[in-house]
Asker: 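Take this structure first; my questions come after.
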Amino acid sequence: MSGLTMIVIGLVLGLAGGWSIRTVLMLVGFGAGWLLANVFDANLLVTLVIALAGALFAWLVLRLAATIVFFAVGAFVGLLVGARLFRLLEGGDGNLLLAVVFIPAVALAGGWLAEKTRDGFVAWGTSIAGAALVLAGLGVLVSGLAWLRDPSQSWEAAVGAVVWVALSVFFRFAQRAVGSSDRG
């Protein structure tokens, strides 16, 4: 059951993850809770409760954190761009009052833009995470593929990495084909 659940969540995450940040965060939290419960060999009901709690926790914490992180990164990039633009546009006068208004305004615009255009990151991140879950689930379900979950030799790790990359790319192309909101 555990392997099948990981595969289903991985497929949904990998194929449809770019559609909704809320769906992504809840699926990631659910999957993490499920895997955590399996580490401690919990029964199905306890595993389900822990997975649902993980989904709720992930949605609450990561939703807030993602917004702040994307905005902060964009603001810092905007700060650098604003300072550079100011230097290019100000003509060497160095008007402090203009700099104090212009540079933070560009930083705020950069933060807003980064927070609003994070779909590209979400789409690729869900493709990669979904592929990881699918491969781990296959490693649990099929004993001959256990190396996908836990490689013990170098060739297994290398082949597993190539399969992971290939599946991630496939998921990303599938997201685009079915109408992902990503534009990049």
Side-chain angles (χ1 to χ4, degrees), residues 6 9-36 50-136 160-162 164-184:
M6 287 190 292
I9 291 173
L11 286 171
V12 171
L13 192 60
L15 293 170
W19 293 345
S20 167
I21 188 78
R22 289 180 190 96
T23 303
V24 168
L25 293 176
M26 292 183 76
L27 285 173
V28 168
F30 186 90
W34 190 278
L35 291 174
L36 178 65
I50 291 172
L52 290 173
L56 178 62
F57 182 74
W59 185 83
L60 292 172
V61 173
L62 295 179
R63 180 70 174 152
L64 178 61
T67 299
I68 292 168
V69 166
F70 280 109
F71 184 85
V73 168
F76 282 115
V77 169
L79 186 69
L80 293 171
V81 169
R84 182 64 187 148
L85 280 174
F86 181 77
R87 275 316 246 168
L88 292 174
L89 298 174
E90 57 92 21
D93 294 338
N95 184 330
L96 183 60
L97 182 58
L98 186 57
V100 168
V101 172
F102 181 79
I103 295 171
V106 175
L108 288 174
W112 177 82
L113 187 61
E115 199 277 323
K116 297 299 179 194
T117 61
R118 59 186 171 183
D119 289 346
F121 173 80
V122 170
W124 275 105
T126 57
S127 298
I128 293 166
L133 281 171
V134 167
L135 295 176
V162 169
W164 186 17
V165 168
L167 189 56
S168 298
V169 170
F170 170 77
F171 281 165
R172 183 62 196 111
F173 285 135
Q175 286 178 358
R176 282 189 176 177
V178 296
S180 171
S181 62
D182 178 38
R183 289 166 181 69

Asker: Taking all non-hydrogen atoms of both residues, which atom of E115 and which atom of F70 are closest, and how far apart?
Answerer: CA-CB, 3.9 Å
Asker: Mind listing the closest non-hydrogen atom pair of W112 and F71 along with its distance?
Answerer: N-CE1, 3.5 Å
Asker: Between CG of L108 and CD1 of I103, what distance do you get to the nearest 0.5 Å?
Answerer: 12.5 Å
Asker: The criterion is side chain to side chain contact (heavy atoms under 4.5 Å, CB included); which residues satisfy it with L52, sequence neighbours excluded?
Answerer: F30, L48
Asker: Please list, chain by chain and in numerical order, all residues satisfying side chain to side chain contact (heavy atoms under 4.5 Å, CB included) with L167, sequence neighbours excluded.
Answerer: A131, V134, L135, F170, F171
Asker: Can you list everything that forms a side chain to side chain contact (heavy atoms under 4.5 Å, CB included) with A161? Sequence neighbours excluded, please.
Answerer: none
